[in-house]
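I have placed the structure first, in the form of C-alpha coordinates, so that the comments after it can refer back to it.
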Amino acid sequence: MADVFSAKQKFEKLFSEYFSAEAAFAFWKGRVALYAILKVLGVGEGDEVILPGYTCVMDVNPIAYVGAKSVFVDIKPDTYNFNTQLLENKITLNTKAIIAQHTYGYPCDMDAVMQIARKHNIPVIEDCCLSFGSKYKGKTVGTFGKAAYFSFQWNKPFTTGLGGMVITNDSELAKDIEQLCRKELVKPGFCETAMLAAQLAVYRAFIYPRTTALAQTVFRYLTKKGAVVGSSSTCEFQPEIPGNFFKAMSCVQAKSGIRQLRKIETNIAHRKKTAKLYDKLLSEKGWDIRDYDENVMEPVMVRYPVRIKEKDKALVKAARAGIELGSWFECPLHPIETPMQMYGYETGMCPESEKASKEVVNLPVHPRVSEKTVEKTVDFITQFTPAFKEIRS
Ligand SMILES: Cc1ncc(COP(=O)(O)O)c(C=O)c1O
(Lines give C-alpha, C1' and ligand atoms only; values in the text may rest on other atoms or scores of the structure.)
Protein backbone atom coordinates (compact mmCIF):
# COMPACT_ATOMS: atom_id res chain seq x y z
CA MET A 1 0.00 0.00 0.00
CA ALA A 2 2.95 2.31 0.72
CA ASP A 3 3.85 2.00 -2.97
CA VAL A 4 0.38 3.22 -4.01
CA PHE A 5 0.90 6.44 -2.17
CA SER A 6 4.51 6.93 -3.11
CA ALA A 7 3.78 6.76 -6.88
CA LYS A 8 0.79 9.08 -6.51
CA GLN A 9 2.72 11.51 -4.34
CA LYS A 10 5.67 11.49 -6.71
CA PHE A 11 3.41 12.25 -9.68
CA GLU A 12 1.76 15.07 -7.72
CA LYS A 13 5.14 16.52 -6.80
CA LEU A 14 6.48 16.40 -10.37
CA PHE A 15 3.24 17.87 -11.69
CA SER A 16 3.22 20.76 -9.24
CA GLU A 17 6.88 21.44 -10.02
CA TYR A 18 6.13 21.52 -13.74
CA PHE A 19 3.61 24.31 -13.18
CA SER A 20 5.47 25.90 -10.25
CA ALA A 21 2.26 25.36 -8.30
CA GLU A 22 1.92 25.27 -4.55
CA ALA A 23 0.23 21.86 -4.62
CA ALA A 24 -1.17 19.14 -6.87
CA PHE A 25 -3.73 16.41 -6.11
CA ALA A 26 -4.22 13.35 -8.29
CA PHE A 27 -7.61 11.67 -8.80
CA TRP A 28 -9.19 8.74 -10.62
CA LYS A 29 -10.63 11.07 -13.33
CA GLY A 30 -10.63 14.75 -14.33
CA ARG A 31 -14.28 15.16 -13.28
CA VAL A 32 -13.34 14.06 -9.74
CA ALA A 33 -10.69 16.78 -9.70
CA LEU A 34 -13.31 19.40 -10.59
CA TYR A 35 -15.64 18.03 -7.92
CA ALA A 36 -12.90 18.45 -5.30
CA ILE A 37 -12.38 22.10 -6.30
CA LEU A 38 -16.11 22.88 -6.20
CA LYS A 39 -16.47 21.25 -2.78
CA VAL A 40 -13.66 23.22 -1.18
CA LEU A 41 -14.85 26.46 -2.76
CA GLY A 42 -18.11 25.81 -0.93
CA VAL A 43 -20.21 25.68 -4.10
CA GLY A 44 -23.55 24.15 -3.19
CA GLU A 45 -27.34 24.21 -3.36
CA GLY A 46 -28.72 27.23 -5.24
CA ASP A 47 -25.32 28.45 -6.44
CA GLU A 48 -24.43 29.00 -10.08
CA VAL A 49 -21.29 28.06 -11.99
CA ILE A 50 -20.55 29.61 -15.38
CA LEU A 51 -18.93 27.57 -18.14
CA PRO A 52 -18.97 27.38 -21.94
CA GLY A 53 -21.97 25.72 -23.59
CA TYR A 54 -19.54 23.67 -25.66
CA THR A 55 -18.18 21.06 -23.33
CA CYS A 56 -18.34 17.49 -22.13
CA VAL A 57 -21.23 16.55 -19.85
CA MET A 58 -18.68 15.03 -17.46
CA ASP A 59 -17.58 18.61 -16.82
CA VAL A 60 -21.15 19.65 -16.03
CA ASN A 61 -21.98 16.68 -13.79
CA PRO A 62 -19.81 17.70 -10.80
CA ILE A 63 -21.66 21.02 -10.71
CA ALA A 64 -24.96 19.13 -10.41
CA TYR A 65 -23.42 16.73 -7.86
CA VAL A 66 -22.76 19.61 -5.44
CA GLY A 67 -26.33 20.90 -5.98
CA ALA A 68 -25.42 23.94 -8.09
CA LYS A 69 -26.75 25.10 -11.45
CA SER A 70 -24.69 25.32 -14.65
CA VAL A 71 -24.97 28.58 -16.57
CA PHE A 72 -23.83 28.27 -20.17
CA VAL A 73 -22.05 30.94 -22.22
CA ASP A 74 -21.85 30.70 -26.00
CA ILE A 75 -18.48 30.30 -27.72
CA LYS A 76 -16.45 32.28 -30.21
CA PRO A 77 -16.43 30.50 -33.57
CA ASP A 78 -12.66 30.75 -34.05
CA THR A 79 -11.28 29.53 -30.71
CA TYR A 80 -14.29 27.54 -29.44
CA ASN A 81 -13.76 29.17 -26.01
CA PHE A 82 -16.49 31.11 -24.28
CA ASN A 83 -17.15 34.55 -25.67
CA THR A 84 -15.98 36.87 -22.91
CA GLN A 85 -18.26 39.63 -24.21
CA LEU A 86 -21.21 37.48 -23.16
CA LEU A 87 -19.67 36.39 -19.86
CA GLU A 88 -20.39 39.34 -17.59
CA ASN A 89 -24.11 39.31 -18.40
CA LYS A 90 -24.36 35.80 -16.99
CA ILE A 91 -23.09 36.82 -13.56
CA THR A 92 -25.69 37.02 -10.81
CA LEU A 93 -25.56 37.23 -7.02
CA ASN A 94 -25.57 33.41 -7.00
CA THR A 95 -22.49 32.98 -9.22
CA LYS A 96 -19.87 31.11 -7.21
CA ALA A 97 -17.31 30.16 -9.88
CA ILE A 98 -16.34 30.64 -13.51
CA ILE A 99 -14.86 27.66 -15.37
CA ALA A 100 -12.51 28.82 -18.12
CA GLN A 101 -12.20 25.85 -20.45
CA HIS A 102 -9.25 26.08 -22.85
CA THR A 103 -10.77 24.21 -25.78
CA TYR A 104 -8.75 22.03 -28.21
CA GLY A 105 -5.58 23.75 -26.94
CA TYR A 106 -6.62 27.38 -27.56
CA PRO A 107 -6.22 29.45 -24.39
CA CYS A 108 -9.22 31.53 -23.31
CA ASP A 109 -8.89 35.30 -23.38
CA MET A 110 -7.51 35.31 -19.85
CA ASP A 111 -7.10 39.10 -19.57
CA ALA A 112 -10.84 39.53 -20.05
CA VAL A 113 -11.77 36.52 -17.88
CA MET A 114 -9.59 37.61 -14.94
CA GLN A 115 -10.70 41.22 -15.19
CA ILE A 116 -14.40 40.26 -15.03
CA ALA A 117 -13.75 37.72 -12.27
CA ARG A 118 -11.81 40.22 -10.14
CA LYS A 119 -14.45 42.91 -10.62
CA HIS A 120 -17.12 40.56 -9.23
CA ASN A 121 -14.83 38.72 -6.83
CA ILE A 122 -15.57 35.31 -8.32
CA PRO A 123 -12.96 32.54 -8.38
CA VAL A 124 -11.81 31.23 -11.76
CA ILE A 125 -11.28 27.51 -12.23
CA GLU A 126 -9.31 26.63 -15.35
CA ASP A 127 -10.33 23.51 -17.25
CA CYS A 128 -7.05 22.35 -18.77
CA CYS A 129 -8.33 18.91 -19.76
CA LEU A 130 -7.84 19.81 -23.44
CA SER A 131 -4.81 22.08 -23.09
CA PHE A 132 -1.49 21.09 -21.64
CA GLY A 133 1.35 23.58 -22.06
CA SER A 134 -0.57 26.20 -24.08
CA LYS A 135 0.43 29.76 -23.25
CA TYR A 136 -1.46 33.02 -23.07
CA LYS A 137 0.81 36.09 -23.23
CA GLY A 138 3.76 33.88 -22.27
CA LYS A 139 2.07 32.35 -19.19
CA THR A 140 1.05 28.70 -19.14
CA VAL A 141 -2.65 27.94 -18.88
CA GLY A 142 -3.55 26.47 -15.52
CA THR A 143 -1.65 29.16 -13.63
CA PHE A 144 -4.11 32.06 -13.93
CA GLY A 145 -7.05 31.09 -11.75
CA LYS A 146 -7.64 29.96 -8.19
CA ALA A 147 -7.18 26.34 -9.30
CA ALA A 148 -6.95 24.30 -12.48
CA TYR A 149 -7.74 20.72 -13.35
CA PHE A 150 -6.52 18.25 -15.95
CA SER A 151 -7.68 14.96 -17.42
CA PHE A 152 -5.51 12.03 -18.54
CA GLN A 153 -8.29 10.05 -20.23
CA TRP A 154 -7.56 8.39 -23.61
CA ASN A 155 -8.12 11.43 -25.82
CA LYS A 156 -6.23 13.92 -23.72
CA PRO A 157 -2.78 15.59 -24.16
CA PHE A 158 -1.29 12.55 -22.45
CA THR A 159 -3.02 9.52 -21.07
CA THR A 160 -2.85 7.37 -17.99
CA GLY A 161 -5.96 5.49 -19.18
CA LEU A 162 -8.12 7.56 -16.89
CA GLY A 163 -6.93 10.21 -14.48
CA GLY A 164 -7.23 13.74 -13.22
CA MET A 165 -5.22 16.37 -11.37
CA VAL A 166 -5.84 19.63 -9.54
CA ILE A 167 -3.20 22.30 -9.22
CA THR A 168 -3.41 25.44 -7.12
CA ASN A 169 -1.25 28.24 -5.85
CA ASP A 170 -3.63 29.04 -3.05
CA SER A 171 -2.33 27.48 0.15
CA GLU A 172 -5.69 27.71 1.96
CA LEU A 173 -7.41 25.91 -0.90
CA ALA A 174 -4.65 23.30 -0.96
CA LYS A 175 -5.10 22.66 2.77
CA ASP A 176 -8.85 22.29 2.29
CA ILE A 177 -8.42 19.81 -0.57
CA GLU A 178 -5.97 17.81 1.52
CA GLN A 179 -8.46 17.67 4.36
CA LEU A 180 -11.35 16.74 2.08
CA CYS A 181 -9.26 13.93 0.57
CA ARG A 182 -8.24 12.65 3.99
CA LYS A 183 -11.90 12.47 5.05
CA GLU A 184 -13.75 11.38 1.92
CA LEU A 185 -11.48 10.04 -0.83
CA VAL A 186 -11.92 6.32 -1.56
CA LYS A 187 -9.21 4.03 -2.91
CA PRO A 188 -9.60 2.43 -6.32
CA GLY A 189 -10.41 -1.27 -6.27
CA PHE A 190 -7.91 -3.99 -7.17
CA CYS A 191 -9.94 -5.32 -10.12
CA GLU A 192 -10.56 -1.95 -11.78
CA THR A 193 -6.90 -1.00 -11.36
CA ALA A 194 -5.71 -4.31 -12.85
CA MET A 195 -8.17 -3.94 -15.74
CA LEU A 196 -6.98 -0.38 -16.39
CA ALA A 197 -3.36 -1.58 -16.41
CA ALA A 198 -4.27 -4.23 -19.02
CA GLN A 199 -6.12 -1.64 -21.12
CA LEU A 200 -3.11 0.68 -21.01
CA ALA A 201 -0.88 -2.15 -22.24
CA VAL A 202 -3.29 -2.86 -25.13
CA TYR A 203 -3.41 0.86 -25.92
CA ARG A 204 0.38 1.14 -26.08
CA ALA A 205 0.69 -1.94 -28.28
CA PHE A 206 -2.19 -1.58 -30.72
CA ILE A 207 -3.71 1.89 -30.89
CA TYR A 208 -2.45 3.87 -33.85
CA PRO A 209 -4.30 6.33 -36.11
CA ARG A 210 -5.30 3.48 -38.47
CA THR A 211 -6.77 1.35 -35.69
CA THR A 212 -8.40 4.04 -33.56
CA ALA A 213 -11.89 4.00 -35.07
CA LEU A 214 -12.20 0.21 -34.77
CA ALA A 215 -10.74 0.26 -31.25
CA GLN A 216 -13.23 2.94 -30.17
CA THR A 217 -16.18 0.92 -31.46
CA VAL A 218 -15.01 -2.22 -29.65
CA PHE A 219 -14.19 -0.23 -26.50
CA ARG A 220 -17.63 1.43 -26.39
CA TYR A 221 -19.32 -1.95 -26.83
CA LEU A 222 -17.24 -3.51 -24.05
CA THR A 223 -17.88 -0.49 -21.79
CA LYS A 224 -21.67 -0.93 -22.22
CA LYS A 225 -21.28 -4.61 -21.32
CA GLY A 226 -19.24 -3.62 -18.26
CA ALA A 227 -16.30 -5.71 -19.50
CA VAL A 228 -13.73 -2.87 -19.40
CA VAL A 229 -13.08 0.23 -17.29
CA GLY A 230 -14.78 2.81 -19.52
CA SER A 231 -14.38 6.57 -19.42
CA SER A 232 -18.01 6.91 -18.31
CA SER A 233 -20.48 4.36 -17.00
CA THR A 234 -24.17 4.64 -17.94
CA CYS A 235 -25.04 6.18 -14.57
CA GLU A 236 -22.66 9.07 -15.32
CA PHE A 237 -25.11 10.37 -17.90
CA GLN A 238 -27.40 11.50 -15.10
CA PRO A 239 -26.94 14.48 -12.77
CA GLU A 240 -26.85 12.27 -9.64
CA ILE A 241 -23.56 11.40 -8.04
CA PRO A 242 -22.68 7.71 -8.46
CA GLY A 243 -21.40 5.65 -5.53
CA ASN A 244 -17.63 5.70 -4.95
CA PHE A 245 -17.28 8.70 -7.27
CA PHE A 246 -14.71 10.57 -5.16
CA LYS A 247 -11.84 8.23 -5.94
CA ALA A 248 -8.07 8.58 -5.75
CA MET A 249 -5.61 7.96 -8.54
CA SER A 250 -4.21 4.43 -8.57
CA CYS A 251 -0.57 3.45 -8.54
CA VAL A 252 -0.81 2.24 -12.17
CA GLN A 253 -2.09 5.62 -13.36
CA ALA A 254 0.47 7.55 -11.31
CA LYS A 255 3.39 5.51 -12.63
CA SER A 256 2.17 5.99 -16.19
CA GLY A 257 1.73 9.73 -15.51
CA ILE A 258 5.32 10.03 -14.27
CA ARG A 259 6.60 8.40 -17.48
CA GLN A 260 4.44 10.68 -19.65
CA LEU A 261 5.51 13.81 -17.81
CA ARG A 262 9.16 12.95 -18.48
CA LYS A 263 8.36 13.01 -22.21
CA ILE A 264 6.11 16.05 -22.13
CA GLU A 265 8.40 18.49 -23.96
CA THR A 266 8.72 16.05 -26.90
CA ASN A 267 4.94 15.58 -26.86
CA ILE A 268 4.35 19.36 -26.91
CA ALA A 269 6.92 19.95 -29.68
CA HIS A 270 5.32 17.19 -31.77
CA ARG A 271 1.84 18.67 -31.35
CA LYS A 272 3.04 22.14 -32.37
CA LYS A 273 4.90 20.82 -35.41
CA THR A 274 2.00 18.61 -36.50
CA ALA A 275 -0.54 21.43 -36.17
CA LYS A 276 1.71 23.67 -38.30
CA LEU A 277 1.87 20.94 -40.93
CA TYR A 278 -1.95 20.81 -41.01
CA ASP A 279 -1.93 24.63 -41.39
CA LYS A 280 0.42 24.36 -44.34
CA LEU A 281 -1.26 21.48 -46.17
CA LEU A 282 -4.80 22.74 -45.60
CA SER A 283 -3.96 26.28 -46.75
CA GLU A 284 -2.30 24.81 -49.89
CA LYS A 285 -5.69 23.23 -50.62
CA GLY A 286 -7.35 26.62 -50.19
CA TRP A 287 -8.87 25.92 -46.79
CA ASP A 288 -9.08 28.49 -44.03
CA ILE A 289 -6.74 27.51 -41.22
CA ARG A 290 -6.24 28.36 -37.56
CA ASP A 291 -6.47 32.09 -37.10
CA TYR A 292 -5.01 33.41 -33.87
CA ASP A 293 -2.65 36.16 -32.77
CA GLU A 294 0.76 34.58 -32.20
CA ASN A 295 1.74 37.51 -30.00
CA VAL A 296 -1.09 36.62 -27.64
CA MET A 297 -1.36 32.87 -27.65
CA GLU A 298 0.81 29.85 -28.17
CA PRO A 299 -1.63 26.95 -28.43
CA VAL A 300 -0.61 23.34 -27.94
CA MET A 301 -3.44 21.55 -29.70
CA VAL A 302 -4.97 18.40 -28.27
CA ARG A 303 -6.75 17.95 -31.61
CA TYR A 304 -6.93 20.11 -34.74
CA PRO A 305 -10.55 21.25 -35.34
CA VAL A 306 -11.88 21.86 -38.85
CA ARG A 307 -15.39 22.66 -39.98
CA ILE A 308 -17.09 20.70 -42.74
CA LYS A 309 -20.62 20.52 -44.07
CA GLU A 310 -21.01 16.74 -44.14
CA LYS A 311 -19.84 15.78 -40.64
CA ASP A 312 -21.86 12.57 -40.28
CA LYS A 313 -20.89 11.27 -43.72
CA ALA A 314 -17.22 12.08 -43.09
CA LEU A 315 -17.19 10.20 -39.78
CA VAL A 316 -18.66 7.06 -41.35
CA LYS A 317 -16.26 7.21 -44.31
CA ALA A 318 -13.27 7.88 -42.03
CA ALA A 319 -13.99 4.83 -39.89
CA ARG A 320 -14.11 2.66 -43.03
CA ALA A 321 -10.95 4.19 -44.47
CA GLY A 322 -8.91 3.89 -41.25
CA ILE A 323 -8.64 7.67 -40.81
CA GLU A 324 -8.62 8.91 -37.21
CA LEU A 325 -11.32 11.57 -37.14
CA GLY A 326 -12.71 12.89 -33.85
CA SER A 327 -16.34 13.97 -33.50
CA TRP A 328 -16.30 15.98 -30.30
CA PHE A 329 -18.09 18.01 -29.43
CA GLU A 330 -21.25 16.52 -30.97
CA CYS A 331 -23.60 18.79 -29.03
CA PRO A 332 -23.23 21.61 -26.47
CA LEU A 333 -22.96 19.04 -23.66
CA HIS A 334 -21.20 16.17 -25.44
CA PRO A 335 -22.05 13.40 -26.19
CA ILE A 336 -25.39 13.32 -28.00
CA GLU A 337 -26.90 10.87 -25.50
CA THR A 338 -26.90 13.65 -22.87
CA PRO A 339 -30.36 14.67 -21.68
CA MET A 340 -29.39 18.35 -21.98
CA GLN A 341 -32.58 19.80 -20.50
CA MET A 342 -31.88 17.95 -17.28
CA TYR A 343 -28.77 20.12 -17.00
CA GLY A 344 -30.63 23.34 -17.80
CA TYR A 345 -29.55 23.55 -21.44
CA GLU A 346 -32.35 24.53 -23.84
CA THR A 347 -31.87 24.42 -27.60
CA GLY A 348 -30.98 27.86 -28.92
CA MET A 349 -29.12 28.95 -25.76
CA CYS A 350 -25.71 28.88 -27.48
CA PRO A 351 -26.18 29.17 -31.26
CA GLU A 352 -22.45 29.25 -32.13
CA SER A 353 -21.90 26.14 -30.07
CA GLU A 354 -24.80 24.32 -31.73
CA LYS A 355 -23.44 25.27 -35.16
CA ALA A 356 -19.94 24.12 -34.23
CA SER A 357 -21.32 20.83 -32.90
CA LYS A 358 -22.84 20.10 -36.32
CA GLU A 359 -19.72 21.09 -38.27
CA VAL A 360 -16.53 20.45 -36.33
CA VAL A 361 -14.51 17.30 -36.71
CA ASN A 362 -11.06 17.10 -35.21
CA LEU A 363 -7.84 15.75 -36.64
CA PRO A 364 -5.16 13.96 -34.61
CA VAL A 365 -1.89 15.64 -33.60
CA HIS A 366 -0.74 13.22 -30.88
CA PRO A 367 2.76 11.72 -30.78
CA ARG A 368 1.76 8.67 -32.88
CA VAL A 369 0.75 10.86 -35.83
CA SER A 370 3.43 10.88 -38.53
CA GLU A 371 3.79 13.35 -41.42
CA LYS A 372 2.36 10.65 -43.70
CA THR A 373 -0.72 10.37 -41.50
CA VAL A 374 -1.19 14.15 -41.66
CA GLU A 375 -0.95 14.06 -45.47
CA LYS A 376 -3.46 11.19 -45.67
CA THR A 377 -5.81 12.93 -43.23
CA VAL A 378 -5.68 16.19 -45.18
CA ASP A 379 -6.33 14.34 -48.47
CA PHE A 380 -9.28 12.68 -46.82
CA ILE A 381 -10.87 15.70 -45.15
CA THR A 382 -10.52 18.00 -48.15
CA GLN A 383 -12.88 15.72 -50.13
CA PHE A 384 -15.62 17.36 -48.08
CA THR A 385 -16.99 20.90 -48.25
CA PRO A 386 -15.40 23.31 -45.78
CA ALA A 387 -17.78 25.30 -43.61
CA PHE A 388 -15.35 27.68 -41.90
CA LYS A 389 -15.44 30.50 -44.47
CA GLU A 390 -19.19 30.73 -44.28
CA ILE A 391 -19.08 31.00 -40.48
CA ARG A 392 -16.68 33.91 -40.46
CA SER A 393 -18.27 36.03 -43.20
C1 LIG B 1 -13.33 19.78 -21.50
C2 LIG B 1 -13.41 18.60 -20.59
N3 LIG B 1 -13.38 18.81 -19.25
C4 LIG B 1 -13.46 17.78 -18.38
C5 LIG B 1 -13.57 16.49 -18.81
C6 LIG B 1 -13.66 15.35 -17.81
O7 LIG B 1 -12.48 14.61 -17.80
P8 LIG B 1 -12.50 13.08 -17.31
O9 LIG B 1 -13.06 12.27 -18.45
O10 LIG B 1 -11.08 12.74 -17.02
O11 LIG B 1 -13.35 13.02 -16.12
C12 LIG B 1 -13.62 16.22 -20.17
C13 LIG B 1 -13.81 14.82 -20.60
O14 LIG B 1 -13.50 14.32 -21.57
C15 LIG B 1 -13.53 17.30 -21.09
O16 LIG B 1 -13.55 17.11 -22.42
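Every number for a ligand or one of its atoms is a count from 1 in the order of the listing.
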Inset, instruction - To the nearest 0.5 Å, tell me how far L162 CG sits from Q153 CD. - result: 7.0 Å

Legend entry - side chain to side chain donor-acceptor pair (under 3.5 Å) contacts touching residues 157-169 (sequence neighbours left out): none

Legend entry - Pairwise distance OH(Y106) to CG(N81) - rounded to 0.5 angstrom: 9.5 Å

Legend entry - NZ or CZ of K313 within 45° of F384 ring axis and under 6.0 Å: no

Inset, instruction - Mind jotting down which protein residues get a heavy-atom contact under 4.0 Å with ligand 1? Chain and number order, please. - result: K29, G30, R31, C56, D59, Q101, D127, C129, L130, S151, K156, G163

Legend entry - salt bridge (Lys or Arg N to Asp or Glu O under 4.0 Å) partners for K69, two or more places apart: none

Legend entry - ring-ring contact (aromatic ring centres under 6.0 Å, His included): pairs with one or both residues in residues 298-322, sequence neighbours excluded: Y278-Y304

